[in-house]
Protein chains: 2
Amino acid sequence: MELQKVDGRKARGEKKRRAIVEATLRVIERDGVSGVTHRSVAREAGVPTTAPTYYFATLDDLLIATLLWSAEAMCDDVLKIIASGTAREIARSLATAVDTNRGRTLAEYELYLLAGRRPELKPAARRWLDLATEVARPADPVAFRAFLAAIDGLLMQGLIADVAPNEDELEPIVSFLIRGRDESTAAPREE
Amino acid sequence: MELQKVDGRKARGEKKRRAIVEATLRVIERDGVSGVTHRSVAREAGVPTTAPTYYFATLDDLLIATLLWSAEAMCDDVLKIIASGTAREIARSLATAVDTNRGRTLAEYELYLLAGRRPELKPAARRWLDLATEVARPADPVAFRAFLAAIDGLLMQGLIADVAPNEDELEPIVSFLIRGRDESTAAPREE
DNA sequence: CAACTACTTGAACAAGTGTTCCACAAGTTT
DNA sequence: AAACTTGTGGAACACTTGTTCAAGTAGTTG
């Protein structure tokens with residue numbers, strides 16, 4: 001049981017595997033899921049055409065691995081903001097998501113839609129919702145669900161706007177949505 | 001200027017053109033945008049492979065035509081409900097959209113995402129939002145934008161839920177969202 | 001009937017696809 | 001050093017793709 005000494009080949013293999021996944025995510029951000037092919041990914045990652053096939057049995061597996069990994073990474077970012085953020089902080093994050101991180105946000109919603117057709121992706125797509133609900137322990141579950149739904153809507157609508165909405169534009173909307181949140185938790189229960 | 005007599009050939013042509021568009025929409029509902037090829041559409045429509053190419057210069061044109069047409073059709077349905085519906089009616093429509101009309105709703109959101117990458121589709125994707133705002137003449141624009149955003153979010157999240165949310169589950173959320181609407185318009189301004 | 005236009009359709013092409021195969025290099029163990 | 005496992009990567013295969021082409025039919029007009 002020597003946990004110290006790992007096979008150098010496997011170590012490099014895992015590294016390359018991750019590099020391929022990261023390259024795939026970049027391709028998705030740039031060209032969408034439909035732009036993902038063994039060859040486009042290999043080119044992006046700077047590896048031979050057969051490398052993706054070696055590490056992932058099928059193209060679908062590569063896609064799924066990428067989206068699971070992407071969702072995981074996204075979760076952390078989102079949660080911090082939602083759980084403890086003020087309306088302005090949330091609005092700023094949303095504005096960034098549809099502007100600077102536009103490609104990434106688009107990719108994220110391609111996951112949603114893909115999950116709509118592939119049940120095995122559903123848990124990953126739903127993860128941030130479940131976590132958010134768990135972390136926030138909302139006093140008013142109905143208002144909180146409305147809030148979470150509106151976040152998705154604001155992001156999607158921000159993606160198809162002629163000019164992406166900015167922080168100042170989003171702030172009042174976010175304020176409206178979390179209106180009930182802090183009021184209701186004025187006397188927080190410690191259980 | 002004989003507007004009466006139309007070329008019988010052109011008439012049939014237009015009919016076939018529309019049949020191809022409808023077949024394309026069915027393919028999107030079933031297999032997603034990525035499932036759309038000249039051949040799959042032709043098979044679905046029961047026409048030879050070259051028919052789609054004859055009527056649409058390129059596959060992209062076919063896709064765009066289909067999505068424009070789909071968005072148009074969707075608009076009418078949605079508007080009636082939003083503008084004059086009660087919370088329960090809206091909740092019922094949403095529940096239907098993620099259950100019975102699941103495929104159609106998925107297709108609609110693929111338009112959204114496609115519009116995110118193809119500016120020429122943005123107006124079509126945004127159409128229902130603009131129309132809804134115009135028709136509703138909301139007293140509280142902020143609350144209304146939150147409401148519209150939440151609709152998108154509820155639909156998308158409904159698509160990735162393990163079991164699609166039903167009418168009763170959605171009703172309180174919709175109620176929460178339109179809470180301010182009717183109160184604010186108690187004294188409607190006629191200008 | 002002849003000229004013209006609009007539509008029809010099968011064959012074919014080049015390009016790109018996912019995937020397999022296999023000879024080989026490199027690292028690990030005995 | 002021999003046997004093994006793991007990773008590498010070029011060549012190739014069968015297949016699907018978007019699109020073109022040319023020969024054809026049918027409807028319209030003069």
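Just so it is clear: chains get the letters A, B, ... in the order the sequence lines come, proteins before strands, and each one is counted from 1. Atom set for the values below is all heavy atoms of this structure, side chains included, hydrogens, waters and symmetry mates excluded. Everything numeric here is computed off the predicted structure, so don't read it as measured data.
Here A:K16 reaches the OP1 or OP2 of D:dT8: one of its side-chain N or O atoms lies under 4.0 Å away. The phosphate of C:dT20 has neither OP1 nor OP2 within less than 4.0 Å of any side-chain N or O from A:Y54. Checking the phosphate oxygens (OP1, OP2) of D:dT28, no side-chain nitrogen or oxygen of B:K10 falls inside 4.0 Å.
Residues satisfying the side chain to side chain contact (heavy atoms under 4.5 Å, CB included) test with A:R39, not counting sequence neighbours, are A:T37, A:R43, A:T49. In terms of the ring-ring contact (aromatic ring centres under 6.0 Å, His included) criterion, residue partners of B:Y109 (sequence neighbours excluded) are, by chain and number, B:Y112. For B:Y55, the ring-ring contact (aromatic ring centres under 6.0 Å, His included) criterion is met by no residue, not counting sequence neighbours. Residues meeting the side-chain hydrogen bond (donor to acceptor under 3.5 Å, both in side chains) test with B:E171, sequence neighbours left out: none.
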Contact pattern, 5' to 3', of nucleotides 12-24 of chain D - B, S or - by protein heavy atom under 4.0 Å: B----BBBB----
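A cation-pi geometry, defined here as NZ or CZ lying under 6.0 Å from the six-membered ring centre and within 45° of its normal, holds between B:R17 and B:F56.
Atoms CG and CG, on B:D152 and B:L148 in that order, are 8.0 Å from each other to the nearest 0.5 Å. A distance of 8.5 Å separates CD1 in B:I160 from NZ in A:K122, rounded to the nearest 0.5 Å.
In this structure, CZ of B:R18 is placed 15 Å from P of C:dC7, rounded to the nearest angstrom. Note: CG (A:D61) to P (C:dG18) measures 13 Å, nearest angstrom. With rounding to whole Å, B:K15 atom NZ is found 15 Å from C:dC7 atom C1'. Rounded to an integer number of Å, the gap from A:I20 CD1 to C:dG18 P is 14 Å. Atom P of nucleotide C:dA25 and atom CG of A:D7 are separated by 19 Å, given to the nearest angstrom.
Across all their heavy atoms, B:S93 and B:I81 have their closest contact at OG-CD1, 3.3 Å. Scanning all heavy atoms of the two residues, the minimum distance from B:L113 to A:M156 falls at CD1-CE, 3.3 Å.
Contacts of residues 21-30 of chain B with DNA chain C (heavy atom under 4.0 Å): none.
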